[in-house]
Engineer: 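Below is a structure I'd like to ask you about.
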Amino acid sequence: MTTYLDMNATTPVLEEVAELVMKMLLDEYGNAGSRTHEFGANAKKAVEKARKQVADVVDVDKSEVIFTSGATESNNIAILGLKEFGESNNKKHIITTRIEHKAVLEPIEHLEKSGFTVSYLDVDESGIVNPEVLKKLLQPDTLLVSIMHVNNETGSIQPINEICDALEFSEAYLHIDAAQSFGKMSDDLKNNRIDLISASGHKVYAPKGIGALIMRKRGFLKPPLKPIMFGGGQEKGLRPGTLAVPLIAGFGLACEIAQKYASSWQKHASALKHELVTELDKLGAQYNGVNTSPFVLNFSVPGVNSEAAMVLLKGIVAVSNGSACTSSSYTPSHVLVAMGLNTKRIEGAIRMSWSHRTQSLPLGQLIEKIKQLM
């Protein structure tokens, strides 16, 4: 049986979550916007319960949670939603990194075409940004700083608290793409200097198609976002469309469960990672990124091509060599390129990611297959 080691791409839905989603689909199927009968009222209650469950992960009020279809939509609203404010207040400078997910880089590129200027924070082989360099890039007209928490390809964890400190005297809004950390590694996300947080359900054992944008208030003022879609007025007019109540309820429950067990999940994942690294060290493996999440390892073995390795490992483990969102493009990873890695190392990069549900790794078979390619 194939061991699934592509949890950074998507995670299996928890049984309790699936049961709740099914119940909401079959029994509690009301529209949360219907106010004239109990079906609508029950749906509304389920949504508000989930809103609080999501809010509790990062210690915000439930009124600061906007439900979306996932982190990609949340990123787009967070970035494009500031366009009008930036233009009207002559704040048209954005800072981001070259290792962001395309769901951040492409909306920013769109703003750049509209007259915004962008400064890109470089990284070295560590995959970690330097907060001191960030501080030097800040300008009076800086509108937004957008930096992901945990990189989806390497697992490198950015120094969120130091980044927040660097912005102490800046009015710029700070957006964190937390798709890979929300619910599982959330402590740094509780920093009150973070204005906007993007989260995704299917990275935390909830269904695909649901996520959230956290809009943390500064005092009593919420971030000045404007909608990028129109019609219906749901989610305070920022994200229109009938609420996906079953998915929202499932996402809320998944967040509650993840928050409860985050520490034990991290310990289990760290143990698996230690076992894998111990075996890969014997092959002279190079590890791409430092200070990485316990749930993922990106590595290259000299002489081994990742495409060939994935073919040989088929039926043993399901792995990837980069972001699932861009895997069909067959272009070198922009993350590893930005880190300055050489071509051979990039071509050999394999990403393995697991969860608390991964009982063990088939290390014997895994190492034997990789050896065949050396």
Side-chain angles (χ1 to χ4, degrees), residues 1-19 21 70 150-155 179-180 184 200-209 250 254 257-258 261 264-283 285-289 292-301 303-330 333 335-336 346-374:
M1 181 178 177
T2 303
T3 301
Y4 181 75
L5 296 180
D6 203 16
M7 296 284 180
N8 271 29
T10 196
T11 59
V13 176
L14 294 172
E15 286 82 356
E16 309 97 301
V17 172
E19 289 172 5
V21 171
V150 175
N151 188 269
N152 54 302
E153 293 193 31
T154 65
Q180 295 293 343
K184 296 179 289 188
S200 186
H202 77 103
K203 301 299 171 72
V204 67
Y205 319 109
K208 300 170 185 66
I257 294 171
Y261 294 105
S264 62
W265 290 358
Q266 288 178 36
K267 289 178 182 177
H268 176 72
S270 294
L272 292 177
K273 186 171 185 175
H274 177 73
E275 292 173 1
L276 178 59
V277 168
T278 298
E279 294 303 315
L280 289 173
D281 280 346
K282 299 172 184 176
L283 304 182
Q286 299 167 301
Y287 303 107
N288 305 319
T292 54
S293 161
F295 297 98
V296 60
L297 184 69
N298 189 308
F299 65 91
S300 305
V301 175
V304 175
N305 178 277
S306 64
E307 294 287 342
M310 286 189 291
V311 170
L312 203 59
L313 291 170
K314 192 172 183 180
I316 300 171
V317 291
V319 298
S320 75
N321 59 350
S323 172
C325 304
T326 55
S327 62
S328 61
S329 64
Y330 297 105
S333 160
V335 172
L336 300 185
I346 293 173
E347 289 177 348
I350 298 171
R351 182 187 72 178
M352 294 186 178
S353 49
W354 45 84
S355 77
H356 65 286
R357 297 166 62 101
T358 310
Q359 295 302 310
S360 61
L361 304 177
L363 292 176
Q365 293 175 285
L366 179 64
I367 298 302
E368 188 58 38
K369 291 293 185 183
I370 293 176
K371 281 182 177 179
Q372 292 178 25
L373 295 170
M374 295 177 69

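No hydrogens, no waters, no symmetry mates; every other heavy atom, side chains included, goes into these values.
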Engineer: Measuring from atom CD of Glu275 to atom CG of Leu361, what distance do you get when rounded to the nearest 0.5 angstrom?
Structural biologist: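 Here the rounded value is 6.5 Å.
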
Engineer: Please evaluate residues Phe299 and Ile370 with respect to the criterion side chain to side chain contact (heavy atoms under 4.5 Å, CB included), reporting the C-alpha separation (whole Å), side-chain torsions for both, the decisive distance (0.1 Å), and the verdict.
Structural biologist: CA-CA 12 Å; Phe299 65 91; Ile370 293 176; 4.3 Å; yes

Engineer: Could you tell me which non-hydrogen atom of Ser333 sits nearest to which non-hydrogen atom of Ile346, and how far apart they are?
Structural biologist: N-CG2, 4.3 Å

Engineer: Could you measure the distance from the CG atom of Leu336 to the CD atom of Glu153? Nearest 0.5 Å is fine.
Structural biologist: 5.5 Å

Engineer: Given side chain to side chain contact (heavy atoms under 4.5 Å, CB included), test Met7 with Thr358 step by step and report yes or no.
Structural biologist: CA-CA 10 Å; Met7 296 284 180; Thr358 310; 4.1 Å; yes

Engineer: Here's a test for you: under side-chain hydrogen bond (donor to acceptor under 3.5 Å, both in side chains), which of Thr154, Asn151, Asn298 qualifies with Asn288?
Structural biologist: Asn298

Engineer: Heavy atoms only: give me the nearest Pro294-Ser270 pair and the separation to one decimal.
Structural biologist: CB-OG, 3.2 Å

Engineer: How many angstroms lie between CG in Leu373 and CG in Asn305, if you round to the nearest 0.5 Å?
Structural biologist: 8.5 Å

Engineer: Work out which heavy atom in Ser306 is nearest to a heavy atom in Ile350; give both atom names and the distance.
Structural biologist: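 Here Ser306 and Ile350 meet closest at CB-CG1, 3.9 Å.
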
Engineer: Please answer whether the main-chain N or O of Gly155 pairs with a side-chain N or O of Arg351 as donor and acceptor at a distance below 3.5 Å.
Structural biologist: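 No; judged by distance alone, with no hydrogens or angles, the pair does not exist.
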
Engineer: Heavy atoms only: give me the nearest Val17-Pro207 pair and the separation to one decimal.
Structural biologist: CG1-CD, 4.0 Å

Engineer: Within the distance-only criterion (no hydrogens, no angle test), does the side chain of Tyr287 pair as donor or acceptor with the backbone N or O of Val277 below 3.5 angstrom?
Structural biologist: yes

Engineer: Do Leu366 and Leu276 come close enough that some side-chain heavy atom pair is under 4.5 Å?
Structural biologist: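 Yes; the side chains approach each other to less than 4.5 Å.
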
Engineer: Tell me whether Lys184 contacts the main-chain N or O of Lys203 through its side chain, where contact means a donor paired with an acceptor under 3.5 Å.
Structural biologist: yes

Engineer: Check for a donor-acceptor pair, side chain of His268 on one end and backbone N or O of Arg357 on the other, with a separation under 3.5 Å.
Structural biologist: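 Checking the backbone N and O of Arg357 against the side chain of His268, no donor-acceptor pair under 3.5 Å is found.
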
Engineer: Which heavy-atom pair separates Asn8 from Ser353 by the least distance, and what is that distance?
Structural biologist: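 For Asn8 versus Ser353, the nearest heavy atoms are N-OG, 2.8 Å.
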
Engineer: Roughly how far, to the nearest 0.5 Å, is the CD atom of Glu368 from the CG atom of Leu313?
Structural biologist: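 One gets 11.5 Å once the value is rounded to the nearest 0.5 Å.
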
Engineer: Return the orientation label for the Tyr205 and His356 ring planes: parallel under 30°, perpendicular over 60°, tilted otherwise.
Structural biologist: perpendicular

Engineer: Would you compute the distance between atom NZ of Lys371 and atom CG of Leu312 and round it to the nearest 0.5 angstrom?
Structural biologist: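 Going from the NZ atom of Lys371 to the CG atom of Leu312 covers 14.0 Å.
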
Engineer: List the steps, then state whether side chain to side chain contact (heavy atoms under 4.5 Å, CB included) holds for Thr3 with Trp354.
Structural biologist: CA-CA 9 Å; Thr3 301; Trp354 45 84; over 6 Å; no

Engineer: Under the 3.5 angstrom rule, does the side chain of Thr11 hit a backbone N or O of His202 as a donor-acceptor pair?
Structural biologist: yes

Engineer: Which pair of non-hydrogen atoms, one from Ser355 and one from Leu272, has the smallest distance, and what is that distance?
Structural biologist: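 It is O-CD1, 4.2 Å.
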
Engineer: Nearest 0.5 angstrom please: Met352 CE to Leu297 CG, how far?
Structural biologist: 8.0 Å

Engineer: Taking Lys273 for its side chain and Ser293 for its backbone only, find out whether a donor-acceptor pair lies under 3.5 Å.
Structural biologist: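 The answer is yes, because a donor-acceptor pair under 3.5 Å joins these two groups.
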
